[in-house]
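Working notes for the structure below.
Remember, it's a predicted structure, so these values are computed and weren't measured experimentally. This chain uses plain numbering: 1 for the first residue, then up along the sequence.
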Amino acid sequence: MPNAVSRTGNDPPGPAVTPDWRLETRTSVRSLTFALNRFPRSTQAGSPCSNWPYSLRVEPQPAPREERAERAERSDRPPQPSIADLLKEGQEIIVQIAKEPLGQKGARITSYVALPGRYVVYMPTVDHAGVSRKIASDDERQRLKRILQSNRAGMPGGFIMRTAGEGKSEEDLRADMQFLYNLWMDMRQKAEKKKAPALIHHDLDLVERILRDQLTSSFKNVWVDNEEVYEDVVGFVQRFQPGMVSRIKLYTRTTPIFDAFNITSELEKALRPKVWLKAGGYIVINQTEALVAIDINTGKYVGKSNRLEDTIVKTNSDAVKEIVRQIRLRDLGGIIVVDFIDMDERKNRQKVMQALEEAMRGDRAPNKILAFNDFGLVAITRKRVKQSLERTLCSPCPSCEGAGYVKSVTTVIGEILQEAYKIARAVEGPDVVLRVNPEVAKVLKSHNNDYVQEMEQVLGRTVIVKSDPLLHQEKFDLA
């Protein structure tokens with residue numbers, strides 16, 4: 001759920017804003033896109049960028065009439081109102097940061113404000129009442145929906161019951177609903193007093209957000225290694241879950257808390273592309289701008305029977321558990337393609353697919369799994385709202401610029417020879433100096449090749465090779 005809200009003045013007049021309107025906004029409102037590109041682009045864990053509400057002043061640039069008419073002809077539905085009819089130049093509206101910047105993509109904003117609470121999510125601009133799909137009991141779903149309907153009186157908008165609301169009393173749920181409604185009223189008042197663009201609401205900080213969204217009675221203890229943060233956590237839990245206060249513990253040992261609970265080693269493993277399985281197989285995880293590719297290999301595992309199919313099924317089944325764990329640990333999102341080892345028997349493919357679906361049910365992020373295709377690949381789509389662990393903790397390699405490889409020494413020498421042919425007629429002086437990376441210089445000075453002699457023939461002069469450790473392996477200076 002988005003957890004940031006922004007303000008841009010009075011709500012836009014006219015019909016309700018639809019998803020089609022949002023799509024048209026991104027293509028037509030140039031000043032709005034420009035304003036978004038100026039938002040802070042943080043890649044640190046717990047970045048507040050996705051939790052900021054803003055006021056924006058928009059200056060619509062309507063699409064040409066011919067384009068609007070052409071779009072209307074292509075659609076069977078009635079044409080959507082133009083963005084120019086919904087927004088006027090200089091008008092202020094309240095918007096929410098729905099998704100923080102990812103890679104080269106800017107932040108995504110929406111006028112559908114959603115305020116998450118402990119048990120419910122309040123949507124002041126949408127008339128809707130719903131219950132989380134993860135609450136399986138029909139009786140409980142009906143009870144929760146009745147509570148939402150009966151307590152909505154006087155509160156415009158809609159509510160969605162979160163999974164944490166299952167089994168909670170009507171009094172607790174009503175209090176959460178009232179709190180969020182009062183919060184929205186405070187935001188509206190702030191918006192009226194501030195000039196756009198302005199931040200009018202910031203969600204809870206990282207620690208409090210985790211406690212609100214993750215803390216349940218299944219937790220045995222919550223350890224905090226900072227005394228000031230410990231006091232804040234105790235105060236927060238006292239307000240939201242008084243019964244859990246006794247489980248908040250202050251960590252006072254000399255060993256760093258991450259080392260004591262083996263978190264450091266797990267983080268290091270989560271940044272490596274190869275992950276070993278207990279039986280001896282392994283998976284390889286590669287992230288790209290477009291998707292995440294996961295490959296499975298038998299590795300050291302040779303199986304306990306003479307049937308290769310049994311070995312493959314065992315490796316794929318073991319890989320399923322680790323893949324789901326790594327997806328959640330690394331916070332992988334978007335399109336995830338899993339290349340399972342090919343299985344001949346259909347029942348084995350179904351067995352692996354059922355195991356994958358069962359393991360993904362425990363994932364809080366919305367996801368969808370597509371069955372095996374003709375190439376033996378399984379595609380998973382998982383909602384991505386922030387940077388993955390790798391993109392958060394790491395930066396692109398300065399040598400390869402994130403490509404994962406650099407040109408070989410032989411390739412660089414070939415480029416040097418090509419450059420020699422280009423400048424041969426313009427070279428002056430009795431000799432030529434070639435500055436290269438030490439790795440390239442080592443090969444050039446070797447007696448096992450005649451690269452230098454070839455350059456001297458091309459240039460008609462003596463070539464002096466100098467090693468420069470400050471030069472990138474792909475760079476050289478021939479002058």
Side-chain angles (χ1 to χ4, degrees), residues 1 19 99 102-103 105 132-136 163 266 269-391 402-405:
M1 255 316 157
K99 194 174 185 180
L102 295 173
K105 301 175 183 178
S132 170
R133 296 179 182 178
K134 294 186 178 181
I135 299 178
T163 309
E266 288 296 325
K269 292 178 183 178
L271 296 176
R272 299 172 187 166
K274 180 182 288 189
V275 180
W276 286 96
L277 306 175
K278 291 182 179 180
Y282 65 90
I283 61 175
V284 179
I285 303 174
N286 291 313
Q287 295 186 56
T288 68
E289 189 71 22
L291 53 81
V292 178
I294 303 178
D295 187 39
I296 303 170
N297 297 278
T298 54
K300 305 173 186 176
Y301 183 63
V302 295
K304 297 181 180 180
S305 69
N306 295 327
R307 292 185 72 241
L308 178 60
E309 182 80 0
D310 294 341
T311 302
I312 292 174
V313 173
K314 169 65 175 172
T315 304
N316 284 338
S317 300
D318 290 346
V320 163
K321 301 175 184 177
E322 188 61 32
I323 287 172
V324 174
R325 178 175 176 270
Q326 291 296 326
I327 286 175
R328 298 177 63 185
L329 182 62
R330 303 180 187 221
D331 204 5
L332 303 176
I335 300 174
I336 304 170
V337 178
V338 184
D339 184 8
F340 286 101
I341 306 173
D342 290 339
M343 295 170 285
D344 295 331
E345 299 179 15
R346 182 178 179 182
K347 65 176 184 179
N348 290 331
R349 291 195 294 271
Q350 292 177 342
K351 177 181 178 181
V352 171
M353 180 59 67
Q354 289 174 359
L356 179 60
E357 292 173 348
E358 183 65 29
M360 288 295 293
R361 284 198 185 97
D363 188 9
R364 294 172 62 93
N367 61 80
K368 184 178 181 180
I369 304 174
L370 304 181
F372 279 95
N373 63 13
D374 295 338
F375 302 102
L377 304 176
V378 172
I380 304 172
T381 59
R382 185 173 186 266
K383 187 176 182 180
R384 176 174 58 185
V385 295
K386 62 180 184 298
Q387 299 278 15
S388 67
L389 183 69
E390 179 184 274
R391 303 293 167 86
Y405 53 83

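- Remark: D310 engages S305, R307 in a side-chain hydrogen bond (donor to acceptor under 3.5 Å, both in side chains) (not counting sequence neighbours).
- Look at K351 and E345 and you find no salt bridge, because none of the NZ, NE, NH1 or NH2 atoms lies under 4.0 Å from a carboxylate O.
- For V352 against S317, the heavy-atom pair with the smallest separation is CG2-OG, 4.3 Å.
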Problem - Chi angles and distances behind the side-chain contact (heavy atoms from CB on, under 4.5 Å) call for I296, V338 - result: CA-CA 8 Å; I296 303 170; V338 184; 4.0 Å; yes
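- Annotation for D318 and A279: closest pair OD2-CB, 3.6 Å, computed over non-hydrogen atoms.
- At a threshold of 4.5 Å between non-hydrogen side-chain atoms, the residues K314 and K304 do not count as touching.
- With hydrogens and angles ignored, the 3.5 Å screen pairs a side-chain donor or acceptor of N316 with a backbone N or O of I341.
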Using residues 367-377 as the side-chain source, report each donor-acceptor pair under 3.5 Å to any protein atom, sequence neighbours left out, with the distance given to one decimal.
unit_1: N367; atom_1: ND2; unit_2: A365; atom_2: O; d: 3.0
unit_1: N373; atom_1: OD1; unit_2: F375; atom_2: N; d: 2.9
unit_1: N373; atom_1: OD1; unit_2: G376; atom_2: N; d: 3.1
unit_1: N373; atom_1: OD1; unit_2: L377; atom_2: N; d: 2.9

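- We find the CD-CG distance between Q387 and L389 to be 11.0 Å, quoted to the nearest 0.5 Å.
- By the 4.5 Å heavy-atom criterion applied to side chains, V313 and M343 are counted as neighbours.
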Can you give me every donor-acceptor pair (side chain of residues 328-337, partner residue at least two apart or in another chain, under 3.5 Å) with its distance?
unit_1: R330; atom_1: NE; unit_2: A270; atom_2: O; d: 3.2
unit_1: R330; atom_1: NE; unit_2: Q326; atom_2: OE1; d: 2.7
unit_1: R330; atom_1: NH1; unit_2: A270; atom_2: O; d: 3.1
unit_1: R330; atom_1: NH1; unit_2: R272; atom_2: O; d: 3.1
unit_1: R330; atom_1: NH2; unit_2: K269; atom_2: O; d: 3.4
unit_1: R330; atom_1: NH2; unit_2: R272; atom_2: O; d: 2.8
unit_1: R330; atom_1: NH2; unit_2: Q326; atom_2: OE1; d: 3.3
unit_1: D331; atom_1: OD1; unit_2: R382; atom_2: NH1; d: 3.2
unit_1: D331; atom_1: OD2; unit_2: K386; atom_2: NZ; d: 2.7

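- For the residue pair S132 / T163, a side-chain donor-acceptor distance below 3.5 Å is found, with atom types taken as modelled.
- The line from CG of D363 to CD1 of I380 is 9.5 Å long, rounded to the nearest 0.5 Å.
- Expressed to the nearest 0.5 Å, how far OG1 of T298 lies from CG of L277 amounts to 10.5 Å.
- Here the side chains of Q350 and R346 are in contact, with some heavy-atom distance below 4.5 Å.
- The shortest distance between side-chain heavy atoms of R364 and K134 falls below 4.5 Å.
- Interatomic distance, CG of D342 versus CG of N348, reported as 12.5 Å (0.5 Å rounding).
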Practice task
For the pair W276 and K300, evaluate side-chain contact (heavy atoms from CB on, under 4.5 Å) and give the outcome as yes or no after the intermediate values.
Solution key: CA-CA 10 Å; W276 286 96; K300 305 173 186 176; 3.8 Å; yes
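- The CD1 atom of I285 sits 11.0 Å away from atom CG of L271, with the distance rounded to the nearest 0.5 Å.
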